[in-house]
Amino acid sequence: VKPVTKKNKNAKDKLYKYPIATKGPKLDNDQIQYLKNIILNEKTYDFKYSKRGFLFPEYAFEFIKGDKRVLVFVCFNRNELMYYYNKKELIEDFDSALKEVRSLVNKLFN
């Protein structure tokens, strides 16, 4: 995904408010499980501190089950994940899982 700018604010192909730069591959079952193990592990996050800055996600994952859709945006600039579900955002620090997230993103997008 791309950061939102005046230039691309009205882009037609978006995930939430972020224009899509390139679509990645559909994850296989092992990749889905790997990502789920990271994002569902409370040790991934640092709940004590907040970086309090702008999020500029570079990658996004879309999880769809029936009519439910959850988006997970990855910002390596600040090592934060943003979850978007049901018109709500949640941003969390993922410094402790940086190596794992970067490894998965590199395999999928590079």
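Hydrogens, waters and symmetry mates are skipped; everything else that's a heavy atom, side chains included, is used.
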Quiz item: If you measure from NZ on Lys14 to CG on Leu71, what distance do you get to the nearest 0.5 Å?
Solution: 13.0 Å
Quiz prompt | Glu58 side, atom CD; Cys75 side, atom SG - distance, nearest 0.5 Å | solution = 5.5 Å
Self-check item: Asp46: partners by side chain to side chain donor-acceptor pair (under 3.5 Å), with sequence neighbours left out
Solution: none
Practice problem: Examine the side chains of Asn37 and Gln33 and answer whether a donor and an acceptor come within less than 3.5 Å of each other. | Solution: yes
Quiz prompt | Atom pair CD/CZ of Glu92 and Phe94 - distance to nearest 0.5 Å | solution = 12.0 Å
Quiz item: Would Lys51 and Glu80 pass as an ion pair if we require N to O under 4.0 Å?
Solution: no
Self-check item: Members besides Phe56 in its Ile/Leu/Val/Met/Phe/Trp/Tyr cluster (side-chain heavy atoms under 4.5 Å)
Solution: Phe54
Self-check item: Near-ring test Phe73/Tyr18, centroid separation under 6.0 angstrom
Solution: yes
Quiz item: If you round to the nearest 0.5 Å, how far is CD1 of Ile32 from CG of Leu27?
Solution: 5.5 Å
Quiz item: Which value, rounded to the nearest 0.5 Å, describes the distance between Asp13 atom CG and Asn8 atom CG?
Solution: 12.0 Å
Quiz prompt | NZ on Lys36 to CD1 on Ile38, rounded to 0.5 Å | solution = 13.0 Å
May I have the list of side-chain donor-acceptor pairs in residues 98-110 shorter than 3.5 Å, sequence neighbours left out?
residue, atom, partner, partner atom, Å
Asn106, OD1, Asn110, ND2, 2.8
Asn106, ND2, Arg102, O, 3.3

Practice problem: For Asp93 and Asp95, indicate whether the former's side chain and the latter's backbone hold a donor-acceptor pair under 3.5 Å. | Solution: yes
